[in-house]
Amino acid sequence: MERLQKVIASSGLTSRRKAESLIKEGKVKVNGKVITELGTKVNTSDEIIVDNKILEKEAKEYYLLNKPRGVITSTSDDKGRKIVTDFINTSARIFPVGRLDYDTTGVLLLTNDGEFANILTHPKNNIEKVYLAKLEGIIKKEQIDQLKKGVLLDEVLVKASRVKLKKVNIDSNTCMVEITIHEGKNHQVKRMFEKVGYHVEKLTRKRLDIFTTENLQSGEYRKLTPKEVQIVYSYKK
Ligand code: URA
């Protein structure tokens, strides 16, 4: 369910503000009934008529981007920095599903389908995310066990379901660790490693559920297949 003025604005017909005026002026009907209340929520099956014209719904689009470093996961930036939507060639109003930090690379989905995004970000769906972290220092078994037992972030216990030491570089005193988590807290992986005493130098998301960056160079993207979209929808409870 989304707010009526947002749905009208995201169809590309007009701005959010103009949509609000049209609603207040009684020029918007939902399923044949004039709606003048701004907070009204609608869903994708509702018929919306604006100024006697049926609102064409924007076709749903789904993308998988291999996000490069130095890019903001946002649809705008007031400081003029590069944003993830710059990489996707579309006029649809897509937005990122969840967030990766400015310096984090890897799997990022973008879509204009709010329901699809909700399925992948809602904690109840327990979506698996796999990250590869380069750490300053060489992690020990006790710290790996601690990450699996859980660490407190914002007074909530978060656990890694898997932690694997993949590579050790004695010369540079660094190591590569693969970590699997299910939540999506802000800076979660970096904060989890900080909690057990390690600074993350580099971070990449290798996998989000069924999605990986296979065959995609940094900055490249592809459309999801209908089958992939269907798989995500099958998680809806
Ligand atoms: N955890 C982080 O710390 N950063 C990200 O970008 C993603 C997960």
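Atoms within a ligand are numbered from 1 in the order they appear, just like the ligands themselves. The first residue in the sequence is number 1, and the count goes up from there. Quick caveat: nothing in here was measured; it's all calculated off a predicted structure.
Each of the following atoms of ligand 1 lies closer than 4.0 Å to a heavy atom of Thr104: 4 (N), 5 (C), 6 (O). Close contacts between ligand 1 and Tyr131 involve ligand atoms 7 (C), 8 (C) [criterion: under 4.0 Å to a heavy atom]. Atom numbering of ligand 1 starts at 1 in the shown order; those under 4.0 Å from a heavy atom of Leu203 are 1 (N), 2 (C), 3 (O), 4 (N), 5 (C). Atoms of ligand 1 lying under 4.0 Å from at least one heavy atom of Lys190, given by number and element, are 2 (C), 3 (O).
Where the criterion is an N or O separation shorter than 3.5 Å, residue side chain and backbone included, His187 meets it with respect to ligand 1. Checked against a 3.5 angstrom limit, the closest N/O atoms of Arg99 and ligand 1 fall outside it.
Contact annotation: the side chain of Thr225 never approaches that of Lys223 to less than 4.5 Å [non-hydrogen atoms, C-beta and beyond].
Both the sub-6.0 Å distance and the 45° axial angle are not jointly satisfied by Lys82 relative to the ring of Tyr102.
Nearest protein heavy-atom contact of atom 6 (O) of ligand 1 is Asp101 N, 2.7 Å. Of the protein's non-hydrogen atoms, the one nearest atom 1 (N) of ligand 1 is Val189 N, 3.1 Å.
Cluster membership for Leu64 and Tyr131, using ILVMFWY side-chain heavy atoms within less than 4.5 angstrom, is not shared.
The six-membered or imidazole ring of Tyr221 lies near that of Tyr63, with a centre-to-centre distance under 6.0 Å.
Side-chain contact of Asp209 with Tyr235: a donor-acceptor pair under 3.5 Å is present, judged by distance alone. No donor-acceptor contact under 3.5 angstrom links the side chains of Thr111 and Asp113, judged on distance only.
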